[in-house]
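Residue numbering restarts at 1 for every chain, and letters A, B, ... go by the order of the sequence lines. Quick caveat: nothing in here was measured; it's all calculated off a predicted structure.
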Number of protein chains: 2
Amino acid sequence: MSAELTRGENTQLEIVQAAHQLFIGQGYHGTSMRQIARSAGIALGGIYNHFSSKEDVFVAVLKAYHPYHEILAAIDVAHGDTIESFVESVATQMVAALRKHPEFLNLMLIEIVEFKSQHVPTLFSDLFPRFAEFGNVFASYQDRLRHIPELIMTRAFVGLFFSFYITDALIGSQIPAQMKEKALEHFIDIFLYGIVNRGQVETSKF
Amino acid sequence: MSAELTRGENTQLEIVQAAHQLFIGQGYHGTSMRQIARSAGIALGGIYNHFSSKEDVFVAVLKAYHPYHEILAAIDVAHGDTIESFVESVATQMVAALRKHPEFLNLMLIEIVEFKSQHVPTLFSDLFPRFAEFGNVFASYQDRLRHIPELIMTRAFVGLFFSFYITDALIGSQIPAQMKEKALEHFIDIFLYGIVNRGQVETSKF
DNA sequence: CCTACCGATCGGTAGG
DNA sequence: CCTACCGATCGGTAGG
């Protein structure tokens with residue numbers, strides 16, 4: 001892709017790539033502009049030809065590396081004649097998409113810890129319409145599901161699998177083999193079992 | 001409690017308290033030893049009479065403020081004749097315990113982002129035996145539950161409610177009212193519905 | 001895009 | 001053993 005870039009654009013890209021590597025390895029305050037410059041192959045002052053501040057570099061890294069395009073694409077690609085196959089397809093592809101970008105979790109944690117989530121509202125407002133759209137898919141299977149608001153169902157789905165992803169990424173190496181084995185499949189199974197109405201008496205209190 | 005402390009112990013406590021406040025507000029690298037000293041009411045050099053380094057201060061803060069004692073106490077206090085009342089009791093008290101210590105999430109994120117989870121194995125190995133013990137409670141309700149390994153069930157439980165806690169803490173202010181309302185109760189309900197065997201044909205693939 | 005410099009501040013240390 | 005300073009210095013920082 002770099003063949004089509006002007007020299008200026010190429011330098012900008014190298015700054016973002018270098019900064020990304022350093023941020024996920026050392027955090028934001030733990031990384032200096034001099035390190036970024038050196039790693040990008042330019043002088044310190046050269047960064048300020050492309051970015052107005054260190055924070056500006058971080059925002060560019062956030063935008064360049066967040067994988068929600070791919071996660072949402074995974075939702076679009078997902079298919080299934082039944083709610084079961086749909087949920088399994090989405091979950092599998094979401095986890096696969098997140099696993100392809102283990103650095104993103106790190107980036108978001110930096111955003112939370114060192115920026116107090118300052119830039120999150122922007123990211124979330126981009127995401128929310130698609131999030132609501134996802135809820136509509138649940139609504140289309142309404143007759144097979146228990147009476148739970150779609151947005152709650154969507155949040156529970158995202159939360160459950162995001163928590164799977166986070167616990168897998170963070171403490172996966174310490175989790176006993178018994179626990180890791182088929183854990184995602186069990187997570188999917190528990191979620192489905194939790195939302196699908198199997199025709200017996202509705203026991204939800206809500 | 002401070003009435004029983006020697007002057008040296010009191011100073012040490014004030015350093016830890018000051019450092020805690022600053023770390024959760026600014027991160028580790030975003031906080032200077034001078035800020036900690038000023039906030040603790042002593043000179044910079046005085047910190048080094050109690051701690052050998054800035055990292056040493058952070059470890060002391062981590063140990064002093066992690067609330068797993070209280071979370072595990074919440075589990076001990078939880079009771080219920082049925083799996084439903086037990087899960088509801090534990091979930092409610094865990095969320096309440098975590099909500100009483102919103103700073104702990106921040107501390108753990110600093111540990112992850114800025115220390116690459118270096119100190120986590122120690123914390124987790126303290127926790128794991130109690131974690132397994134919790135799984136045994138599920139085992140005691142075995143005849144009412146689907147055939148899912150206890151540790152998977154425990155991880156799903158912890159993951160689901162930890163994800164509720166995290167999403168609530170991080171983006172709670174941006175979640176539509178419809179979504180927040182009774183969300184915890186719905187989470188509990190979904191989990192219970194997902195693990196309890198209601199006597200019909202077992203549909204789990206596992 | 002580089003050189004070179006600024007005011008300031010970083011964690012940590014010295015001896016008194 | 002502790003508190004509270006001193007002058008000096010470390011590698012590294014934002015920003016012009």
Taken to the nearest whole Å, CD/A:E55 to C1'/D:dG15 is 15 Å
Is any side-chain nitrogen or oxygen of A:S53 closer than 4.0 Å to OP1 or OP2 of D:dA14?
no
note: A:M33, atom CE; C:dC10, atom P; distance rounded to Å ~ 18 Å
Is a salt bridge present between B:R144 and B:E84, judged by a nitrogen-to-oxygen distance below 4.0 Å? yes
Check this one for me: any side-chain N or O of B:S32 less than 4.0 Å away from OP1 or OP2 of C:dC10? yes
Taking atom NZ of B:K100 as the centre, report whether more than 12 heavy atoms of other residues, nucleotides or ligands fall under 6.0 Å from it. no
B:D56 CG to C:dG11 P, in whole Å, measures 15 Å
Open item on the list: What's A:S52 touching, base or sugar-phosphate or nothing? Going by heavy atoms closer than 4.0 Å.
Closed with: nothing
Geometric class of the A:Y28/A:F23 ring pair [parallel <30°, tilted 30-60°, perpendicular >60°]: tilted
note: B:Q26, atom CD; C:dC10, atom C1'; distance rounded to Å ~ 14 Å
To the nearest angstrom, the CD1-P distance between A:I47 and C:dC2 comes to 10 Å
> For the residue pair B:H29 and B:F115, does the interplanar ring angle fall in the parallel (under 30°), tilted (30 to 60°) or perpendicular (over 60°) class?
Replying inline: parallel
Plane angle bin for A:Y65 and A:H20 - parallel if under 30°, tilted between 30 and 60°, otherwise perpendicular
parallel
Its dot-bracket string being built from Watson-Crick and G-U pairs below 3.5 Å, with | for another strand and [ ] for crossing, DNA chain D has the pattern ................
With a 4.0 Å cut-off on heavy atoms, is B:L44 in touch with a base, just the backbone sugar-phosphate, or nothing at all? base
* **Atom C1', compared across D:dG12 and C:dA8: separation rounded to whole Å** => 12 Å
Rounded to whole Å, CD of A:Q35 lies from P of D:dA14 at a distance of 10 Å
*Distance check: side-chain N/O of B:H50 vs OP1/OP2 of D:dT3, anything under 4.0 Å?*
yes
To the nearest angstrom, the CZ-C1' distance between B:R38 and D:dT3 comes to 19 Å
With the side chain defined as heavy atoms from C-beta on, B:R34 is closest, among C:dC2, C:dG12, D:dC5, to C:dG12
### Message
Taking atom CG as the centre, does B:D81 end up with more than 12 heavy-atom neighbours from other residues, nucleotides or ligands that are less than 6.0 angstrom away?
### Response
no
By nearest-nucleotide position on DNA chain D, the 5'-leaning member of A:T31 and A:G45 is A:T31
Between OH of B:Y48 and C1' of C:dG11 the distance, given in whole Å, is 5 Å
For a quick check under 3.5 Å, do A:E55 and A:H119 share a side-chain donor-acceptor pair by atom type? yes
